[in-house]
Structures are given as C-alpha cells and as structure tokens.
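Nothing here was measured: the structure is a model prediction, and the numbers come from that model. The figures that follow rest on heavy atoms only: side chains count, while hydrogens, waters and symmetry mates do not. In what follows, chains are A, B, ... by sequence order, proteins preceding strands, each numbered from 1.
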Number of protein chains: 2
Amino acid sequence: MRNSKQKDIILRALDEHKIHPTADELYQYIHKEHAEIGVATVYRNLNKFAEKGIIRKIVGLDGSSHFDSCLEPHYHFICSCCGKIYDIPMNIGKDLIAKAEEFTDCKITSMDITFRGLCRKCEDEHNGNFVFDEKETEMLLTASMS
Amino acid sequence: MRNSKQKDIILRALDEHKIHPTADELYQYIHKEHAEIGVATVYRNLNKFAEKGIIRKIVGLDGSSHFDSCLEPHYHFICSCCGKIYDIPMNIGKDLIAKAEEFTDCKITSMDITFRGLCRKCEDEHNGNFVFDEKETEMLLTASMS
DNA sequence: ATGATAATGATAATAATTATCATTATGGGA
DNA sequence: TCCCATAATGATAATTATTATCATTATCAT
C-alpha cells in the first residue's frame with residue numbers, strides 16, 4: 001500500500017472524531033477543508049484500512065458502517081433511540097470464547113459485544129419512550145422541541 | 001396489528017429457515033409458492049415483527065439484515081469467510097451488563113454478542129486462508145473448485 | 001530520473017430498502 | 001350479518017449508500 005496525501009488526511013480526520021463516524025460523515029467533514037478529495041477515495045481507503053487492521057469497522061443498528069480509529073480492546077454502547085455509538089473501555093476475558101466453542105465446531109477467533117439501551121440525552125429528552133426507528137425518533141425529538 | 005394471509009405465510013417461511021435469511025432471501029423462497037405476495041409486504045412485515053419483538057433482526061458482517069424466528073436467549077457465530085450465521089445456544093449471565101454499566105452513564109437494557117471465525121466448511125475448503133471480503137472469498141472458492 | 005503500477009476523482013452503476021398510492025381485506029360495532 | 005373506517009397489500013417509483021469504471025496523476029523501487 002502506497003502512501004498518499006489523501007490517506008494521511010483521512011486517517012487524521014478519523015482520529016479527530018471520537019464519535020465513530022460513517023464514511024459519508026467523514027467525507028462531509030473532510031470536504032470542507034479539502035474539496036479536492038473525492039467520496040470514492042474516502043470510502044476506498046476507510047475500507048482498506050479496516051481490512052489491513054489499521055482501524056476498526058463497526059456496524060450500527062441500522063446496518064450502517066462506522067469507523068473507529070481506536071484499536072485497544074473495548075466495546076460499544078449503541079443508543080436504541082438516536083443510534084449514537086459510545087465507547088465502553090471494558091476488557092472482557094477470553095474465557096467467553098472458549099466457552100462458546102463448546103457449543104459449535106467452528107473455530108472462533110474473536111467476538112464482538114455491543115450493548116444497547118438509552119443514552120442519557122435520549123432518556124432525558126423523552127423520558128423512557130423507547131423507540132427503535134431512527135427516523136421516527138428524529139420526528140419525536142423535533143416535535144418535542146417545538 | 002391486523003392478521004393477514006401474507007403475515008402467516010411470512011412467519012411460517014421464516015420458521016422453516018434455520019439459516020437466518022435476509023428479507024430478500026425469504027422473499028425469493030416465498031415467491032416460488034406464492035407469486036402474488038410482493039417484496040414490499042415481506043420487507044414491511046419482517047421489520048414490523050422485529051419491532052414488535054415477535055422475531056429478531058440481526059445484522060451481518062456486511063451490514064445486511066437477517067431475521068431469526070428464535071427468541072430464546074442465544075448468540076451467533078458469523079463466518080468471516082462465507083458470511084453464514086450459525087446459532088450458539090449459550091446463555092450468558094446478565095452480570096456482564098452490570099459490569100458494563102460501570103463504564104458508562106447510559107442505561108443498558110440488552111447486549112449482543114457475535115462470535116467470529118471460520119466455519120468448518122470454509123476451514124476445510126481453503127485450509128486457513130483467512131479472508132474478510134465475501135466477494136473475494138467467492139472468487140477464491142470458485143477458483144479452487146476448477 | 002524513469003517507468004511500472006497503485007491511487008485518485010468524477011461519475012455511472014448497482015443493490016438493498018423504503019415511500020407512494022390506488023386497491024383490497026380485516027374486524028369491531030350496529 | 002352487513003357496514004365501514006382504516007390497516008394491509010402490491011406494483012412500482014424513489015431513495016440511499018456504496019461500489020465499479022476508467023482516464024489521469026502520483027508514488028517509489030531501481
């Protein structure tokens with residue numbers, strides 16, 4: 001993999017974002033400063049980085065791809081209401097993997113744990129009105145603000 | 001939610017499939033016997049069932065939505081090579097959730113655990129040639145068969 | 001410096017899912 | 001049992017995110 005100005009900019013932009021942006025969100029951000037960089041380049045490189053293990057790709061509740069520059073072992077909390085992804089810097093023992101292998105003949109090499117619930121903001125905003133759909137939620141939030 | 005002939009057929013078709021099909025896969029299957037049922041109806045109802053908690057929606061490695069008629073507590077193994085999803089009927093204690101809540105101020109209500117690795121078939125077929133990309137894999141498999 | 005080739009960017013293409021809307025089916029009440 | 005408000009359906013248009021194409025440019029080993 002060759003170096004490029006674009007790769008540097010994309011990696012730096014991701015590092016500046018602790019909110020696990022999608023490729024498109026990151027593109028929008030980069031575009032402000034570097035309008036010369038195309039969408040394809042952002043998508044292409046983020047996926048390439050993830051493949052090489054330089055960054056992590058995480059899948060949101062709605063199937064959208066988010067990227068995480070932190071490689072340290074940690075897990076995520078996804079708000080069922082707004083879809084935002086937060087870090088949970090917990091280190092979970094490998095014994096779960098060993099235990100899981102008793103239930104299958106597949107070779108397990110890693111595990112993903114995602115916690116779900118309501119983030120503080122959403123809990124406050126419409127106290128406990130549990131919603132799965134992001135769009136529905138957006139409407140709810142907008143409505144409650146007006 | 002009203003009953004309908006279509007809802008029955010969709011639920012029954014999902015029950016018959018233990019492989020966690022996508023909405024489209026299920027539509028293709030249903031279409032053979034019931035050409036009168038439209039795609040929109042299948043997508044619509046599967047999502048509605050998942051919202052109501054009648055079935056489960058699980059997100060594949062590539063962000064695709066799969067559906068699972070089994071509500072019993074169990075986890076999944078996704079093959080990094082072929083993308084197939086297998087059940088792991090293990091029951092994991094709720095203490096992980098309590099532990100995770102120490103690292104966040106979010107209210108955690110559930111957790112998703114997905115194990116990854118190579119399924120037997122993929123391990124045998126190209127012994128240990130670890131590939132993330134499904135399409136790349138498809139090519140590999142095709143190539144090794146000819 | 002040079003050349004093979006990897007990377008880029010504009011844009012076309014794809015694929016999965018959702019919205020629209022006219023038509024049909026459901027089920028509670030008279 | 002029939003009525004009817006309205007939920008559900010199905011054909012298809014629209015949307016959205018992502019990927020493929022390809023001519024041009026940049027990188028880096030020699």
>> Between B/His66 and B/His76, does the ring-ring contact (aromatic ring centres under 6.0 Å, His included) criterion hold? Intermediate values first, please.
In response: CA-CA 12 Å; B/His66 297 244; B/His76 293 110; 9.4 Å; no
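Between A/Lys48 and C/dA6 there is no side-chain N or O to OP1 or OP2 distance below 4.0 Å. Neither OP1 nor OP2 of C/dT18 sits under 4.0 Å from any side-chain N or O of B/Tyr43. Listed pair A/Asn47 / D/dT19 meets the phosphate criterion, a side-chain N or O lying under 4.0 Å from OP1 or OP2.
For the pair A/Ala23 and A/Arg44, nearest-nucleotide mapping onto DNA chain D gives the more 5' position to A/Ala23.
Ring planes of B/Tyr86 and B/Phe77: tilted class, angle from 30 to 60°.
In DNA chain D, the stems built from three or more successive Watson-Crick or G-U pairs (distances below 3.5 Å) are C:1-30 with D:1-30.
For the atom pair CG of B/Leu14 and CZ of B/Phe67, the computed distance is 8.5 Å after rounding to the nearest 0.5 Å. How far CD1 of B/Ile92 is from CG of A/Leu96: 5.0 Å, rounded to the nearest 0.5 Å. Taking CD of B/Glu102 as the start and CD1 of A/Ile88 as the end, the distance is 11.0 Å to the nearest 0.5 Å.
Contacts of A/Ser65 with the nucleic acid, taken as non-hydrogen atoms under 4.0 Å apart, involve only primed sugar atoms and P, OP1 or OP2.
Remark: P of C/dT8 and NE2 of A/His34 are 14 Å apart, rounded to the nearest angstrom. For the pair A/Ile37 CD1 and C/dA7 P, the computed distance is 15 Å after rounding to whole Å. The distance between atom CD1 of A/Ile30 and atom C1' of C/dT8, rounded to the nearest whole Å, is 14 Å. Look at CZ on B/Phe67: it is 14 Å from P on C/dA16, rounded to the nearest Å. When the P atom of D/dA7 is taken as reference, atom NZ of B/Lys52 falls 11 Å away, rounded to whole Å. The distance from atom CG of A/Asp24 to atom C1' of D/dT19 is 14 Å, rounded to the nearest whole Å. Atom pair B/Leu46:CG and D/dG10:P shows a separation of 13 Å (rounding to whole Å applied). Rounded to whole Å, the distance from NZ on B/Lys57 to P on C/dT17 is 8 Å.
Within 6.0 Å of atom NZ in B/Lys84, 12 or fewer heavy atoms from other residues, nucleotides or ligands are found, so the atom counts as exposed in its surroundings. In the displayed structure, B/Glu36 atom CD is contacted under 6.0 Å by more than 12 heavy atoms of other residues, nucleotides or ligands.
Screening B/Gln28, B/Lys32, B/His34 for a side-chain contact (heavy atoms from CB on, under 4.5 Å) with B/Ile30, the sole residue that qualifies is B/His34.
Comparing atom distances between the B/Ala40 side chain and each of D/dA11, C/dT11, C/dT8 picks out D/dA11 as nearest. Closest to the A/Asn45 side chain, of the nucleotides D/dT9, D/dA11, C/dT8, is C/dT8.
With contacts defined as side-chain heavy-atom distances shorter than 4.5 Å, the pair A/Asp24/A/Tyr43 qualifies. Contact check for A/Asp87 versus A/His20: side-chain heavy atoms found under the 4.5 Å cut-off.
The stretch residues 1-18 of chain B touches DNA chain D through B/Met1, B/Arg2, B/Ser4, B/Gln6, B/Lys7, each having a heavy atom under 4.0 angstrom from the strand.
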